Protein chains: 2
Amino acid sequence: MNDLDLGALIKVHRKEAGLTQLELANLAGIGKTTVFDIEKNKETVRWSNLLAVLEVLNIKVEFKSPLPK
Amino acid sequence: MNDLDLGALIKVHRKEAGLTQLELANLAGIGKTTVFDIEKNKETVRWSNLLAVLEVLNIKVEFKSPLPK
DNA sequence: CATTTTTTACCGTTTAAGCAGTAAATGTAA
DNA sequence: TTACATTTACTGCTTAAACGGTAAAAAATG
């Protein structure tokens, strides 16, 4: 209902960077299991862990609101 | 280094919606403590809890990558 | 084909997020 | 000012996320 598949987006970028799940986990400073969970769209992961992965893969996060600044 | 203050963004939108932290927590189906933590930029909160708050406040999340689709 | 790598999956253990309750501090309104 | 509402802060408990280890599928490589 949100965007289509954040897990898939991350996976594509990981592959593009030539990284395995384990390598990405080490670079992000998190466990391999968590990387696996994130790519499987498990949403109960920590925001900080998701952020760490996104940073390694150079994916920016933007929050769009209907409110003017 | 990311965006400036997601907590503040959420707080502004919460106020705009005329909600207290407790009301927002109930609407999002999470605890009041977590709403407080989120507005204080605690990044170890669950991604699902952050999503729930954003959804109530009608704030969209976008992931921007340098990769073409 | 066989071999290696990677992914998926499950299992204990540890750790801390989540939570309600409470209370104090801050803010707001009468 | 007083009274009420809200936020901030702390406490203890419960629960599950995070984790490494292991192993079995699945993919990739020779």
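In this text the structure is predicted, and so the values were computed from the model without any measurement. Numbers restart at 1 for each chain; the letters A, B, ... are given by sequence-line order, proteins then strands.
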Inset, instruction - Round to the nearest Å and state the distance from K11(B) atom NZ to dT6(D) atom P. - result: 13 Å
Inset, instruction - Determine yes or no for a side-chain-to-main-chain donor-acceptor pair under 3.5 angstrom, with E55(B) supplying the side chain and A52(B) the backbone. - result: no
Legend entry - Nearest-nucleotide pick for V45(B), side chain only, options being dG18(C), dT8(C), dT8(D): dG18(C)
Legend entry - Interatomic distance, L19(A) CG vs dT5(C) C1' [rounded to whole Å]: 15 Å
Legend entry - Rounded distance (Å) that lies between atom P of dT8(D) and atom CD of E39(B): 7 Å
Legend entry - Nearest-0.5 Å distance that lies between atom CG in N58(A) and atom NZ in K64(B): 13.5 Å
Legend entry - Distance, rounded to the nearest Å, where K15(A) contributes NZ and dT7(C) contributes P: 5 Å
Inset, instruction - Evaluate the side-chain proximity of S65(A) to H13(B): yes if any heavy-atom separation is below 4.5 Å, no if none is. - result: yes
Legend entry - Value in whole Å for how far the P atom of dG20(D) lies from CZ of F36(A): 15 Å
Inset, instruction - Describe the nucleic acid contact of N49(A) in one word from base, sugar-phosphate, nothing, applying a heavy-atom distance below 4.0 Å. - result: sugar-phosphate
Inset, instruction - Please confirm whether the backbone N or O of K42(B) pairs with a side-chain atom of D37(B), one donor and one acceptor, at under 3.5 Å? - result: no
Legend entry - D37(B) CG to dT7(D) P, straight-line distance once rounded to whole Å: 14 Å
Inset, instruction - Specify whether W47(B) and W47(A) have parallel, tilted or perpendicular ring planes, treating 30° as the upper limit for parallel and 60° as the lower limit for perpendicular. - result: parallel
Inset, instruction - Could you tell me whether a side-chain N or O of R14(A) sits under 3.5 Å from a main-chain N or O of L19(A), the two making a donor and an acceptor? - result: yes
Inset, instruction - Please check the phosphate of dT15(C) (OP1 and OP2 only) for any side-chain N or O of R46(A) closer than 4.0 Å. - result: no
Inset, instruction - Could you check which of dG18(C), dT7(C), dA17(D) has an atom nearest any side-chain atom of T20(A)? - result: dT7(C)
Interface polar pairs with nucleotides 20-22 of chain C, N/O, under 3.5 angstrom:
| from | atom 1 | to | atom 2 | distance (Å) |
| --- | --- | --- | --- | --- |
| dG21(C) | N7 | K32(B) | NZ | 3.3 |
| dG21(C) | O6 | K32(B) | NZ | 3.0 |

Inset, instruction - Could you check L51(A), V56(A), L57(A), N49(A) and say which one makes a side chain to side chain contact (heavy atoms under 4.5 Å, CB included) with V53(A)? - result: L57(A)
Legend entry - Distance in angstrom units between W47(A) CH2 and dG18(C) P, rounded: 13 Å
Inset, instruction - Give a yes/no on whether any side-chain N or O of R14(A) is located under 4.0 angstrom from OP1 or OP2 of dT6(C). - result: no
Legend entry - Rounded interatomic separation in angstrom, taking CD1 from I38(B) and P from dT7(D): 14 Å
